[in-house]
Protein chains: 2
Amino acid sequence: MPPLANGQGALSPRAIPEAAVARLAVYLRVLSGMKEQGITTVSSEELSVAAGVNSAKLRKDLSYIGTYGTRGVGYEVEVLIDQIERVLGLTREQSVAVVGIGNLGHALANYGGFPGRGFPVTALFDVDPDLMGVPVGGIPVHHIDDISSVCAAKEITIGVIATPPAAAQVVCDRLVQAGVECILNFAPVVLQVPETVEVRKVDLAVELQILSFHQARRADSAPSGETAPQPRGNGRVTGSPRHSVENRPNGAVVRR
Amino acid sequence: MPPLANGQGALSPRAIPEAAVARLAVYLRVLSGMKEQGITTVSSEELSVAAGVNSAKLRKDLSYIGTYGTRGVGYEVEVLIDQIERVLGLTREQSVAVVGIGNLGHALANYGGFPGRGFPVTALFDVDPDLMGVPVGGIPVHHIDDISSVCAAKEITIGVIATPPAAAQVVCDRLVQAGVECILNFAPVVLQVPETVEVRKVDLAVELQILSFHQARRADSAPSGETAPQPRGNGRVTGSPRHSVENRPNGAVVRR
DNA sequence: GAATGTGAAACCGTTCACAGCC
DNA sequence: GGCTGTGAACGGTTTCACATTC
């Protein structure tokens, strides 16, 4: 890195790669589970297996947030939890609004605080007059036209779009106008937003199509019988001969 | 490993990067919309803007599946749709089973064929005796113990896990045992699977925490007033001066 | 001895920029 | 002249391997 190039100004103290942030959230969940089980210390090896990554990656990820381990020993579960929570900004509660109270919106509203808490759903919006005022999961539904005032009153920081695709961009615009700068989009639409707004999307159809792609690949690389080929012995040797568990690109772990 | 390293044997004819596959699914949706509007031809520039990527990336992605464009002209919408569908394996229908008929499972069951069709939900499973036989979204609910027989009968290729976290691994094991090799996991758990099985996960909590991270970063780089800083003029110039629209890492587009 | 933290290397995906074709 | 297709440059992410610390 000769001439430094951070993209976000020179001396940004916390330049954590996006990919690492996503994994930190996973580590946090695993660590919470460990804490509940009364585990007080973990090694990078143990934690990495539980989180479905390899230990080198785990250590690199943790190194982005500071050095909280003890060489020869491992990490204190509680310390890691605190530090990850700090970095992810989970010390301040973020209020969530859900827009679009169909099947999915219902499901989201009923999550009730969301897994791991810290994300209370405090406002619901729809256009259907029949829903107005009716509480869903204990929260009354407001009309979309009131987004601005309600979001301001409830200090909403995260907006979740669970509307039909046709409405998504309009809803997004209104959320942005209401000052919401973080949006989670379930509608199958590419949203247009100003620079200041962060959008994440969850796209069912895309996920299914990716699975379909892999299924299709499988199908034509094994053009013979019916039942799964089930690699005998230990199959192709893919690299790291040290672990009994192998990492996958998207979140799972291979069990032998 | 200096000489060739494909991981999947040397002469694998279709080695499409995972990231490109995900985007192809998005292009497909955008193209379908265009076809409905009667558009017959697109340039890489037009399509890329609509899909929220830049045109070089789009062209590279399309080049993975073949060369179907005409220099100086663009692509035929219908041709691209057909080719992407072929590559994603959408020519064969994939039957989907949803396990866990809570709020989310209900929502999924009611999608009814899923956006863009090609993914009919044909089986539902739960453990709750009250739900057995009751049709949800027109599909009867079976007991989890019957996964094997029902999945075989309905030729399920994709399993969706929408159970509470504690049940997810068991359900996953049963699906795998039933021969399902593609799994979409909504439970906040790292699943352990054999090598032959492909898992994708959708993790609400992780998505929210990533948003929270960005919110936190925003908060401490602008430690002053209350209202959004709203960059005057056209804000910082971030690079590509050619487009009026700028690409974001995760699926949205910057509107100026 | 055991396990962390981290430079350096390898890898992969994105962007550039232009040759080739219509 | 316009737009595709792609080799080459780039930048980010993952992995390796080892010095460092307890």
Side-chain angles (χ1 to χ4, degrees), chain A residues 1-8 12 15-24 27 41-49 51-76 79-80 83 238-243 246-251, chain B residues 1-8 12 15-24 27 41-49 51-76 79-80 83 238-243 246-251:
Chain A
M1 206 200 296
L4 87 75
N6 197 319
Q8 192 74 328
S12 148
I16 307 176
E18 184 83 9
V21 173
R23 286 189 300 265
L24 284 170
Y27 306 154
T41 298
V42 265
S43 68
S44 62
E45 182 64 28
E46 292 162 338
L47 182 51
S48 71
V49 168
V53 303
N54 74 29
S55 63
K57 195 190 288 187
L58 176 105
R59 289 200 301 278
K60 195 56 13 128
D61 287 344
L62 291 182
S63 80
Y64 293 126
I65 69 171
T67 80
Y68 301 105
T70 309
R71 290 166 195 237
V73 180
Y75 304 88
E76 265 192 63
V79 172
L80 277 193
Q83 293 305 323
T238 331
S240 118
R242 267 216 290 282
H243 303 57
E246 197 181 317
N247 309 297
R248 310 299 283 294
N250 210 298
Chain B
M1 213 196 292
L4 84 77
N6 197 319
Q8 192 75 324
S12 150
I16 308 177
E18 184 84 8
V21 173
R23 287 189 299 264
L24 284 170
Y27 306 153
T41 299
V42 263
S43 67
S44 62
E45 181 63 29
E46 291 161 338
L47 182 50
S48 71
V49 168
V53 304
N54 75 29
S55 62
K57 194 189 288 186
L58 176 105
R59 289 199 301 278
K60 183 116 296 171
D61 287 344
L62 292 182
S63 80
Y64 293 125
I65 69 172
T67 79
Y68 302 104
T70 309
R71 291 168 194 236
V73 179
Y75 303 87
E76 265 192 63
V79 171
L80 277 192
Q83 294 305 323
T238 331
S240 121
R242 268 217 290 284
H243 303 55
E246 197 180 318
N247 310 297
R248 311 298 285 290
N250 211 298

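Just so it is clear, the model here is predicted, and its values are computed rather than measured.
Partners of Gln83(B) by side chain to side chain contact (heavy atoms under 4.5 Å, CB included), not counting sequence neighbours, listed by chain and number: Ile65(B), Tyr68(B), Val79(B), Arg86(B). Applying the side chain to side chain donor-acceptor pair (under 3.5 Å) rule to Tyr75(B) yields no partners; only residues at least two apart in sequence or on another chain are considered.
Contact annotation: Asn54(A) reaches the phosphate of dT15(D) (side-chain N/O to OP1 or OP2, under 4.0 Å). Distances shown here put a side-chain N or O of Ser44(B) below 4.0 Å from the OP1 or OP2 atom of dT4(D). Under 4.0 angstrom from either OP1 or OP2 of dT14(D) there lies no side-chain N or O belonging to Tyr64(A). Put simply, Tyr75(B) has no side-chain N or O that comes within less than 4.0 Å of OP1 or OP2 on dC22(C). Distances shorter than 4.0 Å separate none of the side-chain N or O atoms of Arg59(B) from OP1 or OP2 on dT15(C).
Atom CD of Glu46(A) is surrounded by more than 12 heavy atoms from other residues, nucleotides or ligands within 6.0 Å.
For the atom pair NZ of Lys57(B) and CG of Leu62(B), the computed distance is 13.0 Å after rounding to the nearest 0.5 Å.
Closest to the Lys57(B) side chain, of the nucleotides dT15(C), dT6(C), dT4(D), is dT15(C). Nearest to the side-chain atoms of Lys60(A) among the listed nucleotides dA3(C), dG7(C), dT4(D) stands dG7(C). Comparing dC22(D), dT6(C), dT14(D) against the side chain of Ser63(A) picks out dT6(C) as the nearest.
One interatomic measurement links the two molecules: CG of Leu80(B) to P of dC3(D), which rounds to 16 Å at whole-angstrom precision. The separation between Asp61(A) atom CG and dT15(D) atom C1' is 12 Å, rounded to whole Å. For the pair Glu45(A) CD and dT15(D) C1', the interatomic distance rounds to 14 Å; values are reported in whole Å. Rounded to whole angstrom, the span from the CG atom of Leu58(A) across to the C1' atom of dT13(D) amounts to 15 Å. Look at CD1 on Ile16(B): it is 14 Å from P on dT6(D), rounded to the nearest Å. Spacing between atom CD of Glu76(A) and atom P of dA3(C) amounts to 16 Å, rounded to whole angstrom units. For the pair Leu24(B) CG and dG13(C) P, the interatomic distance rounds to 13 Å; values are reported in whole Å. Between Arg23(A) atom CZ and dT13(D) atom P the separation is 9 Å, expressed in whole Å.
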Derivation of the side-chain contact (heavy atoms from CB on, under 4.5 Å) call for Tyr27(B) and Val53(B): CA-CA 10 Å; Tyr27(B) 306 153; Val53(B) 304; 3.7 Å; yes
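DNA chain C is contacted by both Ala56(A) and Gly72(A); Gly72(A) maps to the nucleotide lying nearer its 5′ end (nearest heavy atom per residue).
The side-chain heavy atoms of Thr41(B) and Thr70(B), taken from C-beta on, include no pair separated by under 4.5 Å.
Sorted by first and then second residue, the salt bridge (charged side-chain N to carboxylate O under 4.0 Å, His left out) pairs with a member in residues 61-74 of chain A read Arg23(A)-Asp61(A); sequence neighbours excluded.
In the helix from dG1(C)-dC22(D) to dC22(C)-dG1(D), the rotation axis of the first five pairs and that of the last five pairs differ in direction by 0°, rounded to 10 degrees.
The base of dT21(D) has none of its N or O atoms less than 3.5 Å from a complementary donor or acceptor on the side chain of Arg71(A).
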